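Quantities reported herein were computed from a predicted structural model and do not represent experimental measurements. Lettering of chains follows the sequences in order, A, B, ..., and the numbering in each one begins at 1. Values below: all heavy atoms of this structure, side chains included; hydrogens, waters and symmetry mates excluded.
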There are 2 protein chains.
Amino acid sequence: MSQLAIAQIFKALGDPVRLQIVQRLSNGTALCMGELSKDLGISRQGARKQIQALVSAKVVQLHPVGREVKVQLDAVALQQGRDFIARLEAQWDKRLQALKQFTEQ
Amino acid sequence: MSQLAIAQIFKALGDPVRLQIVQRLSNGTALCMGELSKDLGISRQGARKQIQALVSAKVVQLHPVGREVKVQLDAVALQQGRDFIARLEAQWDKRLQALKQFTEQ
DNA sequence: CAAACATGCAACCTTTTGGTTGCATGTTTT
DNA sequence: AAAACATGCAACCAAAAGGTTGCATGTTTG
């Protein structure tokens, strides 16, 4: 996993509108564009661009069904994001432990 | 924790340069501005702006020491980011389990 | 005290982002 | 076949991001 790909995932999550979209998708069934675009406070086309940003970062996948397009969360991206942070925290903790040992001497 | 604050944390992590800065800080001791600015491929003042972005998102804290300014990672922000994703994943898993039960009937 | 060092701040520039509107196109429904 | 629906695409715009350079300021060091 490249740094850049990880950064793109975080970047995709780094916007209130996109965060809400992701949250809605984690909540239940895959939703279609139209439904997802509602109640975001922006136009349908505006929402579409945000969804496209999520697609580009591979946080979300599109599946055309008839005249609709279903939007589905990609759990892999979430995991990669969480793992990255977890690894940072592991290093952090390791250092804290070393510091603790040092002061205990 | 507001959606906006979380989005700001992710946004702060959503850039290769800032991600590298965070990674360096998780690694060891708090570094000062000058050291942190090296080998990022941008000017010192450019790096400074990126560090400021991390400060604004509370991913990092500044501590002036003499003529230097130490930069320290804030583990709380990391945890909040990871927790947010973990909660999304929990909902996701819950749904998968419900689906599994349904198909097993 | 002078030189070297670490940093801050402001002005400026280009590209990206986040949003809009208008119109075109394919798909159901009646 | 016509109407209604779901979506796509392009042009456009203002604001924010990411970077630069130049200069000012406080702090060590010799």
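In this structure, CZ on A:Arg44 lies 12.0 Å from NZ on A:Lys38, to the nearest 0.5 angstrom. With rounding to the nearest 0.5 Å, the separation of OG in A:Ser37 from CD1 in A:Ile51 is 4.5 Å. Between the NZ atom of B:Lys70 and the SG atom of B:Cys32 there is a distance of 5.0 Å, given to the nearest 0.5 Å.
Bounding nucleotides for the chain A contact on DNA chain D, 5' to 3', at a heavy-atom distance below 4.0 Å, are D:dC5 to D:dC9.
Taking a cutoff of 4.0 Å between a charged side-chain nitrogen and a carboxylate oxygen, B:Glu89 and B:Arg87 do not qualify as a salt bridge.
Sorted by residue number, the list of members of residues 3-15 of chain A with any non-hydrogen atom under 4.0 Å from DNA chain D is empty. Within residues 32-54 of chain A, the residues having any heavy atom under 4.0 Å from DNA chain C are, by residue number, A:Ile42, A:Ser43, A:Gln45, A:Gly46, A:Lys49, A:Gln50.
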What N/O pairs connect the protein and nucleotides 28-30 of chain C at under 3.5 Å? Give each pair on its own line.
from: C:dT28; atom 1: OP1; to: A:Arg67; atom 2: N; distance (Å): 3.1

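Pairing each heavy atom of B:Lys58 with each of B:Ala77, the nearest pair is O-CB, 3.3 Å. Pairing each heavy atom of A:Leu36 with each of A:Arg24, the nearest pair is O-NH1, 3.1 Å. The shortest non-hydrogen separation linking A:Gly46 to A:Ile42 is C-CD1, 3.7 Å.
Here the side chains of B:Leu25 and B:Gln72 are not in contact, with every heavy-atom distance at 4.5 Å or above.
Evaluation of the side-chain hydrogen bond (donor to acceptor under 3.5 Å, both in side chains) rule for A:Gln45 yields no partner, not counting sequence neighbours.
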Which atom pairs, one a donor and one an acceptor, fall under 3.5 Å between side chains of residues 9-19 of chain B and the rest of the protein, sequence neighbours left out?
from: B:Asp15; atom 1: OD1; to: B:Val17; atom 2: N; distance (Å): 2.9
from: B:Asp15; atom 1: OD1; to: B:Arg18; atom 2: N; distance (Å): 3.1
from: B:Arg18; atom 1: NE; to: B:Ala12; atom 2: O; distance (Å): 2.8
from: B:Arg18; atom 1: NH1; to: B:Gln50; atom 2: OE1; distance (Å): 2.6
from: B:Arg18; atom 1: NH2; to: B:Lys11; atom 2: O; distance (Å): 3.1

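Transitive grouping of hydrophobic side chains (ILVMFWY, heavy atoms separated by less than 4.5 Å) keeps B:Val65 and B:Val60 in distinct clusters.
Side-chain atoms of A:Gln3 and B:Gln23 include a donor-acceptor pair closer than 3.5 Å.
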